[in-house]
Structure formats: structure tokens, C-alpha cells
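For ligands, and for the atoms within them, numbers begin at 1 and follow the listed sequence.
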Amino acid sequence: MKYLVINGSPHKGNTWKLVEYAVSYVKELDKYAEFSPHREKVDVVYNDMGWADGLILCSTTFNMRETALLKNLIDHFCYLMHRPHFFTKKALFITSVGGVGAKGAVKSITGSLAAIGFNRCYSYRVGTASWNVYKPNEKVKKQLRKVSEKFCEDVKGKKMHYPKSNLLIPYNLFRGMGRYYAPGTEYEAADGVYWTEKKRVARAYDKGIPLHLYQRVIGGIFCFIGKTAGKYMVVTYKK
Ligand SMILES: Cc1cc2nc3c(=O)[nH]c(=O)nc-3n(C[C@H](O)[C@H](O)[C@H](O)COP(=O)(O)O)c2cc1C
């Protein structure tokens with residue numbers, strides 16, 4: 001399988017040490033794993049995310065969140081929240097923290113990845129009480145091995161999981177509203193092209209992902225709300 005590793009920290013410190021372990025665990029389990037070399041430009045990262053089956057992403061916890069560096073990359077991808085991609089992809093997010101606040105970073109990153117379509121996001125967080133001289137102990141390595149193996153098995157197994165129902169709310173509001181931005185409308189935009197594609201108009205989530213019946217109903221309701229609200233509230237774009 002193919003994996004992309006993104007270092008969201010400004011250096012290769014404590015968090016990177018953990019990533020090196022995670023990568024070695026994945027390599028042990030997936031003998032044919034291919035890793036993309038580090039690239040710098042956003043569009044190249046986007047292409048690599050499309051190329052990879054599994055994404056290993058890390059960031060130090062700075063002030064109870066991900067680094068500004070990683071937030072900046074995610075902000076560059078904010079258009080993907082309007083037009084999610086990556087539905088078949090799985091991710092593993094790793095963060096280290098001096099003591100407290102890693103939960104905030106995990107919540108922020110796993111939420112952002114789910115919003116741009118990622119099917120499942122695993123995470124591992126650890127307190128280091130250290131600045132750059134951290135040595136993971138056996139317990140940490142065991143825990144990290146367990147989560148790395150779960151992630152790798154999931155990537156290799158290619159099983160698509162049902163999405164969380166809360167993701168269907170923005171997805172289907174956009175699906176309902178997208179028609180008002182289609183080519184030929186006053187404020188035509190890329191969103192309008194995406195949401196009027198045949199494969200998207202009739203389904204409450206991407207066609208490659210399974211949905212429960214009740215999720216189809218939720219999707220239908222929010223699509224209707226988006227369609228109705230979109231008649232009265234047009235988002236204007238500078239022409
Ligand atoms: C700017 C900055 C902000 C930090 N914020 C926190 C924090 O909110 N909570 C905490 O417990 N440790 C905090 N730390 C400590 C780091 O999270 C911790 O040392 C981490 O393991 C360093 O990982 P790295 O070597 O990969 O950068 C902060 C460190 C820096 C430099």
C-alpha cells in the first residue's frame with residue numbers, strides 16, 4: 001500500500017521520534033509499503049494525499065492545539081470542506097505534549113480530516129515531560145505499535161466504514177445549496193460544478209462509502225434544508 005508522512009511540527013523533535021516508530025511498525029506489517037518523499041508545496045501535498053492509501057500526520061502540541069504550521073496547511077485545504085475528497089483514505093495522527101493539551105490537537109486534526117472526507121482517523125498522543133530529549137519507554141512503544149497496526153490493517157483491508165452521522169449535516173447542506181452556484185448562475189463557483197455532478201446529486205454521501213438507511217434519511221432532510229435555505233441566502237463571490 002502507499003503511505004504519505006507529513007511532519008506538521010517545525011522540527012524533528014519528540015513527536016518525530018514517535019512517527020519513526022509508527023512508520024517502522026507499518027513497514028513491518030506491510031512489506032510492500034511505499035513512502036512518498038517529503039515535499040513542500042501545497043498542491044504537491046494534495047496530489048500526494050490523493051496518491052496515498054494511508055496518511056501518517058504528526059504535530060507537536062503547541063498551546064493545546066496543533067502547530068500553526070500544520071493549521072496553515074489545513075487552512076489551504078479549507079475548500080475541501082466544501083468539496084470533500086479522500087473518502088477512501090485512512091489516517092494516523094500522532095502528537096506529543098509536555099504535559100497537558102494533546103486532546104485539543106487530536107480533536108482539531110481528526111475533525112478536520114473527517115470534514116475533508118477521510119474515512120477513518122486513528123490517533124496517538126503522549127506526554128513527554130521533555131524538550132527534544134524524549135525517549136519513548138516500552139509501554140509507549142507497545143501502545144504506538146498497537147495503534148499503528150490497527151491503522152495499517154485497516155489500510156490494507158480496504159474496508160470502508162460508515163461515516164459519522166454528524167458529517168452528513170454539512171455534506172448534505174452543501175449538496176442542497178450547490179445547485180445555486182452551478183455554471184450559468186450569477187455566482188457560479190467550483191462548488192456548483194462539484195455538487196451538480198451526476199454521481200453526487202442523488203446520494204447522501206460519496207457512493208464508495210456505505211450508508212445506513214437512517215443516514216440516507218438524515219441526508220435527505222439536510223439536503224432539503226440546504227435547497228430551501230439556498231433560495232433565500234446566496235453566498236456572494238467577488239467576480
Ligand atoms: C510553543 C510551545 C507550546 C507548547 N505548548 C504546550 C502545551 O500547551 N502543553 C504542554 O503540556 N506542553 C507544551 N509544550 C511542550 C511540547 O508540547 C513538548 O515538549 C513536546 O513533546 C515537544 O515535541 P517536539 O520535540 O516534537 O516539538 C509547548 C512547547 C512549545 C515550544
Side-chain angles (χ1 to χ4, degrees), residues 1-30 33-42 44-46 48-49 51-78 80-81 86 89-116 118 120-152 154-155:
M1 305 306 295
K2 295 168 182 153
Y3 299 85
L4 172 66
V5 185
I6 297 180
N7 183 10
S9 299
H11 65 163
K12 289 188 173 173
N14 293 345
T15 316
W16 187 252
K17 233 168 262 169
L18 295 163
V19 170
E20 286 178 333
Y21 279 109
V23 168
S24 74
Y25 300 147
V26 167
K27 277 182 173 169
E28 261 179 51
L29 196 68
D30 189 346
E34 277 182 67
F35 284 83
S36 159
H38 174 73
R39 313 271 178 92
E40 303 215 337
K41 296 204 172 95
V42 169
V44 180
V45 174
Y46 170 84
D48 278 3
M49 280 167 74
W51 166 87
D53 304 299
L55 169 67
I56 298 175
L57 181 60
C58 82
S59 164
T60 316
T61 295
F62 278 176
N63 295 306
M64 310 180 99
R65 293 287 179 279
E66 70 277 19
T67 60
L69 199 67
L70 182 55
K71 178 67 166 61
N72 186 269
L73 175 69
I74 286 170
D75 288 350
H76 278 91
F77 287 147
C78 73
L80 292 174
M81 294 196 183
F86 308 132
K89 315 287 181 187
K90 318 272 168 78
L92 168 61
F93 176 62
I94 297 173
T95 188
S96 84
V97 66
V100 289
K103 235 183 192 176
V106 169
K107 198 171 165 210
S108 171
I109 295 302
T110 55
S112 292
L113 291 176
I116 64 174
F118 271 75
R120 177 78 37 115
C121 187
Y122 297 83
S123 65
Y124 185 69
R125 60 178 204 269
V126 73
T128 59
S130 151
W131 183 245
N132 265 350
V133 286
Y134 172 60
K135 285 199 179 74
N137 62 26
E138 288 312 308
K139 186 177 163 203
V140 165
K141 287 195 225 168
K142 205 171 152 192
Q143 289 171 338
L144 185 54
R145 173 184 284 279
K146 203 169 160 194
V147 71
S148 304
E149 286 179 352
K150 255 180 148 178
F151 158 72
C152 187
D154 199 357
V155 171

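- Proximity to Asn63 (heavy-atom distance under 4.0 Å) selects the following atoms of ligand 1: 3 (C), 4 (C), 5 (N), 6 (C), 7 (C), 8 (O).
- The proximity of Thr60 to ligand 1, defined as any non-hydrogen pair under 4.0 Å, is limited to the side chain.
- Under a 4.0 Å heavy-atom criterion, Tyr134 is not in contact with ligand 1.
- Listed by number with element, the atoms of ligand 1 under 4.0 Å from a non-hydrogen atom of Asn132 are 25 (O).
- The closest approach between Gly101 and ligand 1 stays at or above 4.0 Å for every heavy atom of the residue.
- In this structure, of Gly13, Gly98, Gly127, the residue bringing a heavy atom nearest to atom 16 (C) of ligand 1 is Gly98.
- Closest to atom 13 (C) of ligand 1 by heavy atom, among Asn7, Leu18, Thr61, is Thr61.
- One finds a salt bridge joining Lys141 and Glu138 here, because a Lys/Arg side-chain nitrogen approaches an Asp/Glu carboxylate oxygen to under 4.0 Å.
- Among the atoms of Phe62, none of the N or O lies under 3.5 angstrom from an N or O of ligand 1.
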With a 3.5 Å cut-off and sequence neighbours excluded, list the donor-acceptor pairs that the side chains of residues 63-71 form with protein atoms.
{"unit_1": "Glu66", "atom_1": "OE1", "unit_2": "Ser108", "atom_2": "OG", "d": "3.0"}
{"unit_1": "Glu66", "atom_1": "OE2", "unit_2": "Ser108", "atom_2": "OG", "d": "3.0"}
{"unit_1": "Thr67", "atom_1": "OG1", "unit_2": "Gly8", "atom_2": "O", "d": "2.4"}
{"unit_1": "Thr67", "atom_1": "OG1", "unit_2": "Leu70", "atom_2": "N", "d": "3.1"}
{"unit_1": "Lys71", "atom_1": "NZ", "unit_2": "Asp75", "atom_2": "OD1", "d": "2.8"}
{"unit_1": "Lys71", "atom_1": "NZ", "unit_2": "Asp75", "atom_2": "OD2", "d": "3.4"}

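- Looking at Ser130 against ligand 1, only its backbone comes within 4.0 Å, counting heavy atoms.
- For ligand 1, the polar-atom distance check finds an N/O of Thr128 within less than 3.5 Å of one of the ligand's N/O atoms.
- If you look at His11 next to ligand 1, the close heavy atoms, those under 4.0 Å, all belong to the side chain.
- Looking at Thr15 against ligand 1, both its backbone and its side chain come within 4.0 Å, counting heavy atoms.
- For Phe86, the ring pair (Phe, Tyr, Trp, His ring centres under 6.0 Å) test picks out Tyr46, Phe118, with sequence neighbours left out.
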>> Show, in sequence, the C-alpha distance, side-chain angles and deciding distance for Ile94 and Val147, and conclude whether the side chain to side chain contact (heavy atoms under 4.5 Å, CB included) test is met.
In response: CA-CA 10 Å; Ile94 297 173; Val147 71; over 6 Å; no
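- Taking the six-membered ring for Trp and thresholds of 30 and 60 degrees, Phe62 and Trp131 have ring planes inclined between 30 and 60 degrees apart.
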